Amino acid sequence: MSQLSLQEIIDEVNEVKRYFYASLENIDGIESLKELEIAVLSKKGSVAFLNRQLGSLDQDLRQSAGAVINQARSEMKGDFDEAFRKLVAKTRDTQLEHEKLDLSEIITDSGFRAGRKHLITRTREELEDIFIGMGFTVEEGPEVETDWHNFEALNIPPYHPARAGQDSFYLKFGDPESMLLRTHTSPVQIRVMTSQQPPIYAVMPGRVYRRDTADARHTPVFHQIEGLVVDKDISFANLAGTIETFTKAIFGPSIVSRLRPAFFPFTEPSAEFEVTCTICEGVGCRTCSNTGWIELGGCGMIDPKVFASVGLDSEVWSGFAFGFGIDRLAQMRYAISDMRILLDNDVRFLRQF
Ligand code: DAH
């Protein structure tokens with residue numbers, strides 16, 4: 001066999017490199033890269049073939065030719081490894097891209113919108129937060145009540161005219177007119193006082209029912225929040241301060257509250273609390289009948305008869321209560337002209353809050 005010259009070996013090496021780099025540029029996946037490795041760099045590949053030729057060469061030539069082949073091999077090996085690494089990373093990226101589940105895209109593309117809490121729920125939660133911040137707990141009671149909790153224990157006996165103002169939905173359950181849908185949240189006061197020992201600082205939000213014909217300011221189902229404080233040495237000033245504090249927290253610092261004498265069977269003395277009209281800010285407008293004030297709810301010092309009905313000694317304990325409509329508050333705050341819209345579930349309205 002005739003001896004190869006160094007130049008011939010260099011030519012062969014260069015040919016292998018040309019092939020290798022041309023193929024590397026056109027690699028389209030791990031498979032074809034592996035094939036190139038076998039064809040060029042493996043034991044059966046071109047480089048190994050070139051190495052085998054070295055055996056027939058003179059010592060000197062073998063050394064320099066070997067160096068040329070080794071140099072080419074390590075160059076190609078380095079570039080191969082680099083290409084392999086990049087390809088693996090790229091394959092992983094494409095895979096991730098394909099497997100990614102973009103839910104927001106699906107939602108927007110198909111025209112859905114995320115829902116939100118109803119204005120009443122949001123207002124109730126906001127009120128709860130304010131009172132929790134003032135040290136109150138949040139309590140709940142049943143919507144189906146006994147006549148005793150809803151009226152009797154609150155010092156509203158059967159003949160009392162206050163019952164007429166709260167026309168009730170009675171249930172066909174037990175004795176006639178003994179069970180009803182609660183007409184206010186005040187019965188929860190009774191439930192809290194019969195199940196907890198004072199000191200009590202609690203608010204009680206919930207749904208209430210009255211046989212009212214729906215109009216711009218009334219719906220037969222609405223929401224109230226009740227407040228109850230029972231402790232030693234509680235004064236009317238504590239009540240007024242509490243009302244001023246939470247009305248400011250809800251309506252902002254430019255709104256003030258005031259109390260006007262009123263009558264409720266379960267509080268003595270009683271008052272209605274009013275806040276600066278949110279529409280005209282106290283100047284006088286149609287909404288507030290030019291008075292500059294809007295009535296929000298009722299309040300007062302707990303009547304000794306109520307304490308007696310829950311077994312608390314009114315010589316030891318004193319307290320106050322208040323109650324107002326959550327729907328009414330939202331109506332005032334957002335200047336909602338007709339309350340019935342709160343029950344329509346029209347998304348064009350609901351979306352505004
Ligand atoms: N329960 C009364 C109503 O629905 C509101 C009320 C007035 C609640 C005075 C109170 C209160 O706690 O002290 O009209």
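Counting convention: from 1, in listed order, for ligands and their atoms alike. In this text, all values refer to a predicted model and were calculated from it rather than measured experimentally.
- Looking only at side-chain heavy atoms (C-beta outward), Leu312 and Met193 come within less than 4.5 Å of each other.
- Among the atoms of Gly227, none of the N or O lies under 3.5 angstrom from an N or O of ligand 1.
- Every atom of ligand 1 is numbered from 1 in the order shown, and the set under 4.0 Å from a heavy atom of Gln224 is 3 (C), 4 (O).
- Closest to atom 3 (C) of ligand 1 by heavy atom, among Met204, Arg182, Arg210, Gln189, is Arg210.
- Only the side chain of Ser186 comes within 4.0 Å of ligand 1, counting heavy atoms alone; its backbone N, CA, C and O stay farther away.
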Show every donor-acceptor pair shorter than 3.5 Å between a side-chain atom in residues 295-308 and any protein atom, with sequence neighbours excluded, or say none if there are none.
unit_1, atom_1, unit_2, atom_2, d
Asp303, OD1, Lys305, N, 2.8

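- Connection of Trp317 to Tyr201 is not established within any shared hydrophobic cluster, with ILVMFWY side chains joined at heavy-atom distances below 4.5 Å, either directly or through further cluster members.
- With 3.5 Å as the limit, one finds no donor-acceptor pair spanning the side chains of Ser309 and Asn155.
- Taking a cut-off of under 4.0 Å to the non-hydrogen atoms of Ala321, the atoms of ligand 1 that pass are 12 (O), 13 (O).
- In summary, the atoms of ligand 1 found under 4.0 Å from a heavy atom of Gly300, numbered by their order in the structure, are 13 (O).
- Closest protein heavy atom to atom 5 (C) of ligand 1: Gly323 O, 4.1 Å.
- Checked against Arg191 for a salt bridge (charged side-chain N to carboxylate O under 4.0 Å, His left out), the options Glu140, Glu226, Glu145 give a single hit: Glu145.
- By the 30° and 60° cut-offs, the orientation of the rings of Phe80 relative to Phe20 is tilted.
- Side-chain atoms of Thr137 and Glu139 include a donor-acceptor pair closer than 3.5 Å.
- Heavy atoms of Gly297 stay at 4.0 angstrom or farther from ligand 1.
- Phe246 and Phe324 have parallel rings, their planes meeting at less than 30° on a 0 to 90° scale where 60° marks the start of perpendicular.
- Applying the 4.0 Å criterion to heavy atoms of Thr267 picks out, from ligand 1, the atoms 13 (O).
- Those atoms of ligand 1 that come under 4.0 Å of a heavy atom in Phe264, given as number and element, are 7 (C), 9 (C).
- For Glu226, a nitrogen or oxygen atom sits less than 3.5 Å from a nitrogen or oxygen atom of ligand 1, counting backbone and side chain alike.
- Nearest-residue assignment for atom 2 (C) of ligand 1 (options Phe263, Phe266, Phe324; heavy-atom criterion): Phe266.
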